[in-house]
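Contents: one structure, followed by commentary.
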Amino acid sequence: GWKKESDGSLNDGGYELVSPKLPLLDIARIEKATAPVREYIDASSDASCGGHFNISRKGVTSTDLLKDWKGFAPILYALYETRLTNSYCQAKKWTEYFRYPTKYSAFYIKNSNVVEIRLFSRITNYNTMMWRIKLMQTLLGDAGNNLNQFLLKMSSKESKLYKLLREQYTHERIKDKIRKAALF
């Protein structure tokens, strides 16, 4: 089930809400699992909090998982750029995630089959959490693509990725995120 854990980085009374393992592609199961704790998901938080995702895929090593994400990592950097220099989720050169895996980096090879994405800022409410789940479903569905393929999808008004981004961003902001992703 869900765990309410203390965390050394949190102030008095603060806690970290940790979900059970949930299948990323099963929205109905995620909605059912989150219903009893929705009030905690919607609880107040401060800007130092993160909204981490731990991802694994049966039969795939964490190293191979992360290698497949190189194409969309710059998109996450662009979407969550204010987190890149945060001491809890620093961005690194891509090869350093593999050579020097450290907990406080944007992508953390947690063990042999789990990669933690620490880039996400706090989850301020249930709707934000569900949007991020859809974002990860969309990005992971095209894992292995190169950055140019992702940037084309971000700029195509007909693509699933563009439509999802439009739920959170104006067209102009998406163009800005495309420029920043290309730089990263």
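Keep in mind the model is a prediction, meaning the values are calculated, not measured.
For the pair V18 and W2, the minimum side-chain heavy-atom distance is 4.5 Å or more. Between T170 and K175 the shortest side-chain heavy-atom distance does not fall below 4.5 Å. Two residues are said to be in side-chain contact when any heavy atoms from C-beta on lie closer than 4.5 Å; V115 and N54 fail this criterion. Residues E81 and K177 have side chains in contact (heavy-atom distance under 4.5 Å, counting atoms from C-beta outward). Put simply, the side chain of I117 does not reach to within 4.5 Å of the side chain of H52, judged on heavy atoms. Between L65 and N113, the closest side-chain pair of non-hydrogen atoms is not below 4.5 Å. N145 is not listed as a side-chain neighbour of F72, based on a closest heavy-atom distance of 4.5 Å or more. Annotation: side chain of D42 is not in contact with side chain of E39 (no heavy-atom distance under 4.5 Å).
Heavy atoms from other residues, nucleotides or ligands lying under 6.0 Å from OH of Y40 number 12 at most. Under a cut-off of 6.0 angstrom, the local environment of CZ in R132 is crowded, with over 12 non-hydrogen atoms contributed by other residues, nucleotides or ligands. No more than 12 heavy atoms of other residues, nucleotides or ligands sit less than 6.0 Å from atom OH of Y104. Residue K163 qualifies as enclosed at atom NZ: its count of foreign heavy atoms under 6.0 Å is above 12.
For D142, the side chain to side chain donor-acceptor pair (under 3.5 Å) partners two or more places apart in sequence, or in a different chain, are K153. For T95, the side chain to side chain donor-acceptor pair (under 3.5 Å) partners two or more places apart in sequence, or in a different chain, are R99. Applying the side chain to side chain donor-acceptor pair (under 3.5 Å) test to K160 and every residue at least two apart in sequence or in another chain returns nothing. Residues that satisfy the side chain to side chain donor-acceptor pair (under 3.5 Å) test with K92, not counting sequence neighbours, are T102.
What you find for A181 and A78 is that their closest heavy atoms are N-CB, 3.7 Å. In terms of heavy atoms, R173 sits closest to Y169 at CB-CB, 3.9 Å. The minimum heavy-atom distance between I55 and L140, with the atom names listed, is CD1-CD1, 3.8 Å. The two residues G51 and I123 make their nearest non-hydrogen contact at CA-CG1, 4.1 Å. Looking at every heavy atom in both residues, W131 comes nearest to L164 through NE1-O, 2.9 Å. The two residues F150 and A143 have their closest heavy-atom pair at CZ-N, 4.4 Å.
Applying the side-chain hydrogen bond (donor to acceptor under 3.5 Å, both in side chains) test to every pair with at least one member in residues 18-30, sequence neighbours left out, gives no pairs at all. Counting only residues at least two apart or on different chains, the side-chain hydrogen bond (donor to acceptor under 3.5 Å, both in side chains) pairs with a member in residues 63-75 are T61-D64.
Using a cutoff of 4.0 Å between basic side-chain nitrogens and carboxylate oxygens, E16 and K3 are not scored as salt-bridged.
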key: Stepwise side-chain hydrogen bond (donor to acceptor under 3.5 Å, both in side chains) test for H171 and Y162   = CA-CA 9 Å; H171 179 73; Y162 177 86; 2.7 Å; yes
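Ring to ring, F107 and W94 are close: their centroids are under 6.0 angstrom apart.
Follow the hydrophobic side-chain contacts under 4.5 Å out from I174 and you never reach L152; the two are in separate clusters. Cluster membership check: F184 shares its hydrophobic cluster with L66, using side-chain heavy-atom separations under 4.5 Å among Ile, Leu, Val, Met, Phe, Trp and Tyr. A chain of hydrophobic side-chain contacts below 4.5 Å, direct or via other Ile, Leu, Val, Met, Phe, Trp or Tyr residues, connects L119 to L24.
From L76, atom CG reaches atom CZ of F53 across 10.0 Å, with rounding to the nearest 0.5 Å. With rounding to the nearest 0.5 angstrom, the CG atom of L135 is 12.0 Å from the OG1 atom of T128. Remark: E116 CD to S105 OG distance equals 9.0 Å, nearest 0.5 Å. To the nearest 0.5 angstrom, R83 atom CZ is 13.5 Å from Y77 atom OH.
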